[in-house]
Amino acid sequence: MNIHSLDKQTSFVAGSLFSGGGLGDVGIEWGAGVPVLGTCELVSSRAALLRKNFPETKVFEGDIWKTMDQYISFFQKKLNLKSPWLLTLSPPCQGMSSNGAGRISSSIRKGNRPREDQRNRLILPGIDILESLKPDWFVLENVRRMENTIIRNEHGKVENILDCLCRRLHPLGYSIRANMMNFQGFGVPHHRERLITIGCRIPEIVSTYQPVEVIYSKETSPFHASFSHGGLGQPPLITLRDAIGHLPILDAQNKLVDPEDPYHCIPKWNDNQYFWMRSTPEGQTAYDNDQCVKCGKASSDSSQIECACGFPLPRPQIFKSGKLRLIHGFRSSYRRMWWDKPAGTLTMNSGVISSDLKCHPEQNRVLSLREIIILSTLQHPKWKNNYSFEGIPYGRMESGENFSKKLIREVIGESIPPLAMAQIVERLLEVDPRI
Ligand SMILES: C[S@@+](CC[C@H](N)C(=O)[O-])C[C@H]1O[C@@H](n2cnc3c(N)ncnc32)[C@H](O)[C@@H]1O
């Protein structure tokens with residue numbers, strides 16, 4: 001990589017905003033080889049993870065609305081007013097939704113403070129930072145819904161997030177493109193779909209790929225990496241069997257941890273959860289369990305909780321208001337994954353069986369911490385370092401435990417897989433004519 005040919009205005013460093021535990025930064029620094037100079041994160045346990053795993057990186061802990069000025073001046077000072085080569089942003093996505101526009105507009109018209117999710121507006125300080133630091137490239141990662149999310153912009157007016165981004169960044173010379181990407185196409189062994197928006201202000205590139213009005217396209221943009229797995233003539237997707245099939249057997253009642261590996265551990269299930277899931281075949285949900293385990297008869301009524309013989313069917317059920325009834329739930333819950341497909345999306349609830357697609361394909365349990373660490377690609381032969389969760393307290397921890405199970409599940413659930421981030425950034429290195 002010849003970074004010496006970068007022009008005098010740019011320094012070959014990156015910064016991240018909404019950095020979480022820095023899993024995306026693993027891909028940028030350990031994978032693509034771009035040093036991450038500064039990060040920013042609200043939650044202190046995540047900021048502690050950043051400090052632990054990136055000792056050279058400055059961590060701005062706190063609300064970005066409050067830390068943004070320090071973040072900007074830190075970069076300006078460190079880089080002698082040059083621009084960083086890359087900034088990445090992954091604002092929280094829990095609040096994203098497409099149907100708030102009418103409601104937000106009408107509250108503003110009535111002079112009321114609109115009921116809106118403030119998290120969606122976090123893109124605004126993100127754009128302020130982009131405007132001030134003017135990185136050569138930026139990468140914005142978010143959920144699919146962001147494409148249609150409406151916010152109250154800096155003038156109090158209702159605007160689509162992507163339109164807001166273009167309105168403010170096109171005048172600074174950025175050309176911006178957005179693609180939906182499922183990271184399993186990058187060899188990540190789980191399903192994870194995200195909207196990746198990339199902006200560039202390198203004149204040679206912008207003159208070839210000029211700013212467009214509609215930045216989202218289903219066609220792979222020139223800024224986006226193409227998938228390296230799963231297509232015609234490409235290696236197949238990495239399945240659950242490929243990734244974790246070799247790990248020792250665990251059981252949600254009888255073997256909660258592998259004595260050789262404290263990270264290969266799972267939460268305990270109660271007798272009911274165990275009964276429902278034990279009877280559930282690979283890829284299926286317990287809601288479809290129609291056969292009585294006592295008399296073997298199948299029930300044709302999907303709302304039934306009990307067999308004609310009086311024995312309970314192995315379907316999720318609860319005793320409420322004096323009687324047993326089916327637990328309300330999506331058909332994706334209490335469901336097993338498939339051995340020969342990538343895992344389901346890893347979420348903050350990867351340890352909760354009632355959440356979407358969380359059961360091991362064969363064993364009676366959810367995925368262990370070791371398994372989600374592997375599936376997230378945080379543990380991968382490509383990285384020169386080992387990422388560590390140790391020594392950072394968070395949530396309820398048992399005495400003697402030196403890592404927080406909750407922290408691991410949450411940080412991984414909110415992350416961009418480092419292997420995907422590495423490929424996204426490697427593509428930018430490939431496209432940049434100066435490198
Ligand atoms: C989607 S996660 C980012 C994950 C990260 N890209 C990774 O790969 O690990 C968004 C992060 O933004 C943080 N965040 C939320 N509100 C914030 C705020 N007001 N200021 C700074 N960070 C915030 C959250 O705590 C969360 O860790």
Side-chain angles (χ1 to χ4, degrees), residues 14-32 36 38-54 57-72 86-96 117-129 138-146 149 151 161 181 183 186 188 190 192-197 345-348 350 372-373 375-378 380 383 387-389 392 394-395 404 406-425:
S16 64
L17 303 172
F18 313 102
S19 313
L23 273 63
D25 297 322
V26 167
I28 299 170
E29 187 167 302
W30 303 357
V36 178
T39 57
C40 118
E41 171 54 45
L42 178 66
V43 177
S44 62
S45 50
R46 298 177 187 193
L49 282 175
L50 289 164
R51 286 190 201 97
K52 185 174 176 78
N53 289 287
F54 298 91
T57 300
K58 176 87 176 162
V59 180
F60 290 85
E61 180 180 336
D63 183 356
I64 191 169
W65 290 104
K66 298 195 179 118
T67 59
M68 58 186 279
D69 290 343
Q70 297 157 38
Y71 189 94
I72 293 168
L86 170 70
L87 277 190
T88 61
L89 308 83
S90 41
C93 45
Q94 291 91 341
M96 299 278 163
D117 195 317
Q118 288 302 320
R119 288 172 298 188
N120 291 351
R121 298 191 81 232
L122 288 168
I123 188 72
L124 296 175
I127 299 176
D128 290 344
I129 294 174
F138 72 81
V139 173
L140 168 64
E141 179 243 340
N142 219 291
V143 288
R144 175 182 271 275
R145 296 189 301 277
M146 194 188 86
T149 296
I151 58 167
I161 286 196
M181 307 188 107
F183 298 144
F186 287 145
V188 172
H190 75 272
R192 196 172 201 87
E193 238 185 356
R194 287 292 184 267
L195 182 72
I196 300 294
T197 305
T345 306
L346 301 178
T347 64
M348 304 225 287
S350 62
I372 63 163
I373 289 171
L375 294 167
S376 71
T377 71
L378 189 50
H380 195 272
W383 320 133
Y387 187 96
S388 168
F389 287 98
I392 295 162
Y394 180 70
S404 158
K406 188 172 159 68
L407 182 64
I408 297 177
R409 291 204 186 265
E410 289 187 2
V411 162
I412 288 182
E414 288 215 321
S415 68
I416 179 164
L419 189 64
M421 186 56 122
Q423 289 171 73
I424 290 169
V425 178

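Counting starts at 1 for both ligands and their atoms, in listed order. Only heavy atoms go into these numbers, but all of them, side chains included; no hydrogens, no water, no symmetry mates.
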Inset, instruction - Using the six-membered ring wherever Trp is involved, compare the ring planes of Phe183 and Phe186 and label them parallel, tilted or perpendicular (cut-offs 30° and 60°). - result: parallel
Inset, instruction - Would you confirm whether Ser376, through its side chain, and Ile412, through its main-chain N or O, come within 3.5 Å as a donor-acceptor pair? - result: no
Under 3.5 Å, which donor-acceptor pairs link side chains of residues 62-70 to any protein atom two or more places apart or in another chain?
{"unit_1": "Asp63", "atom_1": "OD1", "unit_2": "Trp65", "atom_2": "N", "d": "3.2"}
{"unit_1": "Thr67", "atom_1": "OG1", "unit_2": "Asp63", "atom_2": "O", "d": "3.4"}

Inset, instruction - Mind jotting down which residue pairs meet the side-chain hydrogen bond (donor to acceptor under 3.5 Å, both in side chains) criterion with at least one end in residues 40-53? Sequence neighbours excluded, please. - result: Arg46-Glu414, Arg51-Glu61
Legend entry - Straight-line distance of Glu141 CD to Ile416 CD1, nearest 0.5 Å: 4.0 Å
Legend entry - With Thr39 via side chain to side chain contact (heavy atoms under 4.5 Å, CB included) - residues at least two apart: Ser16, Ser19, Asp25, Val36, Leu50, Thr57, Val59
Legend entry - Neighbouring residues of ligand 1, heavy-atom cut-off under 4.0 Å: Phe18, Ser19, Gly20, Gly21, Gly22, Leu23, Gly24, Glu41, Leu42, Val43, Arg46, Gly62, Asp63, Ile64, Ser90, Pro92, Leu122, Glu414, Ser415, Ile416
